[in-house]
Amino acid sequence: MSKIGVFIETVDQEIKQSVFGVISAAASGGEVVGFLLNGQADTYKDQLAAYGVTELVDLAAGDIVFSKFPQAAGEALAKGATDFGVTALVGVSSPTGNDLLARAAMALKAPLALDCIDVDFNDSTVKKSHFSGKAIATLEMTGKLFVCGIRPNSFEAVEAPGTIIVTTHNIDIENSDDIIVTAVEAAGSGKKDLTEATVIISGGRPMASSENFKILDDCAEKLVAVVGASRAAVDAGFAPHSMQVGQTGKIVSPKLYIGCGLSGSVQHFAGMKTSKVIVAINTDKDAPIFSKSDYGIIGDLFEVVPALTKELEKQE
Amino acid sequence: MRIYVCVKHVPDTAANIKIVGDDAYDTQVKYVANPYDEYGVEEAVTLVEKAKEGEVVAVCVGNKGAANTLKSVMAMGVHRSILVKTDDQFPGSDLTAKALAKAITDDGNADLIFMGKQSVDSEGMQTPYRLGMELSLPVVTGVVSFSHEGDTAKVQREIDGGARETLAVKTPCILGATKGLNEPRFPKLPAILKAKKKEIKEVELSSLGLVDQGHCRIKSLEPVQERSNAKILEGSTQEIVAALVKILREEEKVI
C-alpha cells in the first residue's frame, strides 16, 4: 500500500483543526505518515491515531529550531517525504502550510498545487480554483511524488482509530541564515482563524462602524461562528484586514456563511463561494448577492441579526 | 539600485470567463496587471523614488497583449520592461520562473525582486518559490511590510488569525507581495503618456530553449455553476429568523 505524508501543522502547541480533514483525505490514498516539526509527537499521538495516522515522525535536525528557519523546515519535510517513501506530501493550505509545502516541493523538485479543494491519489490529480473561483481546474501531476496543500474544510474529518508508531527521524541539514523569523506578533483579538471556522457571519459596509460589529459578535457567539468582513468594511476601517474574506483577504469554506449587508461582488465570492450554505441579508432586494446565495432575507441587518441572536438564545 | 518586478497579464477579476473546449478560455476579455503584482510594483517604485537613484524593470511572461499591462505598470513609475512572449494561455509556474530568471540574469544584477504572492488567473502561489530556486535566492511571500538596511530586508507576513511574523532576509531576495504592503497608485495622464514612450524589450519564449519541468498539466477546466436565485424567506422578522434557524438546523444541518 502506498504511503501519504501529512504535515501536521500546529498552532500554539495544538494541532490545527483543519489538519484532521487533511488526514482523512490522505487516508483515501494509503497509509498516513504524519510529519511534525516541533518534537511533540508523544503529546499528539493519541489524537492522531484516532483519525488514522499509522506512523508519526518527529523530524529533527540537530539544534535547528524549525519555527525560526522556514528554509530548514521545508527541507526537513522534503527529507522526511523521501526517507519514508511517501507518494504524496499534503498539508493544510494555511499561510504556514503553503510556505513550508512550497519549500518542500522545491527541495524535492516535485510538482506542487496549493489551495486544492479535492485530491485523488489514485490518478494523481487535484482540483483547484482558477479565475477567482469562476472555474475549477483539474491538474494532473506526474513524477514520483507530488506536494499538495488543501483548502481548510474541503474534507470532513472522519475518525478511523488504529495503532500508531512514533519515531524521531534525525536529518542532516546545512542551516542557512538567509531567512530568519525574528518575531511573531500575536493578533490582538485572540480569535479563531476565519479559515478554520465552520460557521462565519460577515458584515459589509452597511455595518457603518467597528462598534456595530458587536451585533455580529453576539450572534457569532450563539452560532459558534467567527466574524468576517468585506473589503469595503475593511477599507472603511470598520474591521482589520485579518477579518477580510475575499480575493485579497481570506479564502474560506465553512458549512454556513451568513453575509450581512454584502452586495455580493465577484471578488468577495472568490473567497467564500465554496461554502456549503450561503445566507444573505440585505435591504436591497436587487442586490446581486441574492442571485448567488441559497437563502435570502430582505431586511435591515440591524433588525434581523439581533432577532436571529434572540431566536438562537431562545432555543438553547 | 536595480529592482525587478515580475508582472503577469491576467483577466480582470470582474471579467466573465467563458470556458472553450476542455482546457482553454475565451481571451476576448479585459486584461489587467495581476493585482497582487501591483503591490510589488508600488513598493519597488517607491523605494527607487526615495533613494533618488536606480531603476525598476518589469518582467512579464505573456502574450502580445501583455505589452498593455507593462505600459500600465510603467505608468506607475517602472522605468522599462522585458516581455517574454508566449501564446500559451497557462504557461506553467516552472517554465514561467525559468523564463523570468533568464530574462533577469540576461539583463543585469538584481538588488531586489518583487512580485505578487499569487496570480488571480491560475492562482498557483508558487512562481516566487520557483524563481527563487532558479536564481538561488531566498524567497518570502505574503509580505505586508518591508524595510531594508544594508544587505538585510526586514519583512512581515500575516500568518494565522491575523498574527504577524517578522523575518530578516538576506538580499538580494524575492518578495511575494500582498494586500497591506502599500496602496498602489493610480497613474495620472502625464504618467500614462510618458509610459507609452518607455522601452519594452521583447523576447520569444521559444527562443530561450527552456524546458518545463513542473510535472503538472491542466487536464480540464470547468466553469463553476453559480447558485441560482436564493430562496427568499418571507414574513415578519420574527417569523423569518425562526424559519431560518429551523432550515439551518433541520434541513441543512449546518448548525
Side-chain angles (χ1 to χ4, degrees), chain A residues 11 94-96 98 102 106 111-112 114-115 125 129-143 178-187 191 193 199 223 240-242 247-248 255-256 266-267 276-277 280 290-299 303-304 307-308 311-312 315, chain B residues 11 13-14 17 19 25 35 120-126 129-130 132-133 138 140-142 157-170 178-180 213-224 226-227 229-233 237-238 240-242 244-245 247-248 252 254-255:
Chain A
V11 176
S94 62
T96 302
N98 281 345
M106 296 307 112
L112 167 71
L114 296 172
D115 196 32
T125 58
S129 157
H130 269 43
F131 304 109
S132 316
K134 286 180 286 229
I136 298 294
T138 303
L139 305 178
E140 187 176 40
M141 328 279 255
T142 51
D178 279 357
I179 304 176
I180 306 173
V181 176
T182 55
V184 176
E185 190 185 306
K191 282 179 195 159
D193 197 65
V199 180
L223 283 166
H241 180 242
S242 59
Q247 182 83 61
T248 48
K255 283 187 176 153
L256 171 62
V266 174
Q267 291 83 356
K276 186 164 175 256
V277 176
F290 288 124
S291 67
K292 33 190 182 180
S293 299
D294 297 294
Y295 299 97
I297 296 173
I298 298 165
E303 271 175 40
V304 178
L308 176 60
E311 179 67 25
L312 290 159
Q315 294 190 13
Chain B
T13 52
I17 300 292
I19 308 298
Y25 69 98
V120 296
D121 56 354
S122 52
E123 305 179 14
M125 310 173 180
Q126 54 188 281
Y129 294 96
R130 295 199 180 274
M133 193 164 66
V140 176
T141 77
R157 59 193 299 265
E158 231 169 59
I159 50 173
D160 275 334
R164 278 175 173 222
E165 203 173 62
T166 305
L167 305 101
V169 191
K170 287 268 165 68
T178 191
K179 189 189 175 195
Q213 291 168 307
H215 302 295
C216 176
R217 68 167 194 106
I218 291 197
K219 208 174 155 192
S220 66
L221 198 58
E222 288 157 66
V224 169
E226 290 285 351
R227 289 167 162 83
N229 289 339
K231 180 180 174 190
I232 303 291
L233 305 178
T237 302
Q238 186 47 48
I240 288 174
V241 296
L244 179 66
V245 171
I247 290 169
L248 297 178
E252 301 285 358
V254 290
I255 58 170

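The figures that follow rest on heavy atoms only: side chains count, while hydrogens, waters and symmetry mates do not.
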- Item | Region of B:E226 that comes under 4.5 Å of a non-hydrogen atom in chain A | side chain

- Message: So for atom NZ, which belongs to A:K276, do other residues, nucleotides or ligands contribute more than 12 heavy atoms lying within a distance under 6.0 Å?
- Response: yes

- Query: For chain B, which of A:I298, A:T96, A:I297 has the most heavy-atom pairs under 4.5 Å?
  - Reply: A:I297

- Message: Can you tell me how far apart CG (B:L248) and CG (A:L223) are? Round to the nearest 0.5 Å.
- Response: 8.0 Å

- Item | Validation row: A:N98, B:T141 side chains within 4.5 angstrom (heavy atoms) | no

- Query: With respect to chain B, which residue among A:L114, A:V181, A:D115 yields the maximal number of heavy-atom pairs within a distance under 4.5 Å?
  - Reply: A:V181

- salt bridge (charged side-chain N to carboxylate O under 4.0 Å, His left out) against A:K134, all qualifying residues, sequence neighbours excluded: none

- Give a yes or no on whether the backbone of B:T13 and the side-chain of A:Q247 come within a donor-acceptor separation of less than 3.5 Å. no

- Task: Answer with side chain, backbone, both or neither: which region of B:I19 has an atom nearer than 4.5 Å to a non-hydrogen atom of chain A?
- Result: side chain

- Select one option (side chain, backbone, both, neither) describing which atoms of A:V11 are under 4.5 Å from chain B's heavy atoms. side chain

- Task: Drop me the distance from A:D294's CG to B:R227's CZ, to the nearest 0.5 angstrom.
- Result: 4.5 Å

- Message: Could you measure the distance from the CG atom of B:D160 to the CG atom of A:D193? Nearest 0.5 Å is fine.
- Response: 4.5 Å

- What is the minimum heavy-atom distance between B:V224 and A:G133, and which atoms define it? CG2-O, 3.4 Å

- Query: How many angstroms lie between CD in A:E303 and CD in B:Q238, if you round to the nearest 0.5 Å?
  - Reply: 11.5 Å

- Message: Go through it in stages, so that I can follow the logic: the residues are B:I218 and A:L139, the test is side chain to side chain contact (heavy atoms under 4.5 Å, CB included), and I'd like the CA-CA distance, side-chain angles, deciding distance and then a yes or no.
- Response: CA-CA 5 Å; B:I218 291 197; A:L139 305 178; 3.6 Å; yes

- Message: If I measure from the heavy atoms of chain A, does B:I232 come under 4.5 Å with its side chain, its backbone, both, or neither?
- Response: both

- Task: Output yes when a side-chain donor or acceptor of B:E123 lies under 3.5 Å from a complementary backbone atom of A:S132, and no otherwise.
- Result: yes

- Note on the structure: Closest heavy-atom pair, B:G162 versus A:S242, reported as atoms and distance to 0.1 Å, is CA-CB, 3.3 Å

- Query: Taking the side chain from B:T166 and the backbone from A:T182, do they hold a donor-acceptor pair closer than 3.5 Å?
  - Reply: no

- Message: Is B:R157 close to chain A through its backbone or its side chain, or both, or neither, when contacts mean heavy atoms under 4.5 Å?
- Response: side chain

- Could you tell me which of A:L312, A:T248, A:V304, A:V266 has the largest number of non-hydrogen atom pairs under 4.5 Å with chain B? A:T248

- Contact class of B:V245 relative to chain A, heavy atoms under 4.5 angstrom: side chain

- Query: chain B heavy atoms under 4.5 Å from A:V199: which part of the residue, side chain, backbone, both or neither?
  - Reply: side chain

- Message: Can you confirm whether A:M141 sits close enough to B:H215 that some side-chain heavy atom of one is under 4.5 Å from a side-chain heavy atom of the other?
- Response: no

- Please look at B:M125 and chain A and tell me whether the side chain, the backbone, both or neither of the residue comes under 4.5 angstrom of a heavy atom of that chain. both

- Can you tell me how far the CG atom of B:L244 sits from the OH atom of A:Y295, to the nearest 0.5 Å? 8.5 Å

- Item | B:K170 side, atom NZ; A:D178 side, atom CG - distance, nearest 0.5 Å | 6.0 Å

- Item | Top contributor to chain B contacts, counting heavy-atom pairs under 4.5 Å, from A:A102, A:S94, A:S129 | A:S129

- A:V184 portion near chain B, given a 4.5 angstrom heavy-atom threshold: both

- Message: One pair to check against side chain to side chain contact (heavy atoms under 4.5 Å, CB included): B:I247 and A:V277. What are the steps and the verdict?
- Response: CA-CA 11 Å; B:I247 290 169; A:V277 176; over 6 Å; no

- Item | Contacting region of A:A307 [heavy-atom separation from chain B under 4.5 Å] | both

- Only counting residues at least two apart or in another chain, list the ones meeting salt bridge (charged side-chain N to carboxylate O under 4.0 Å, His left out) with A:E140. B:R217

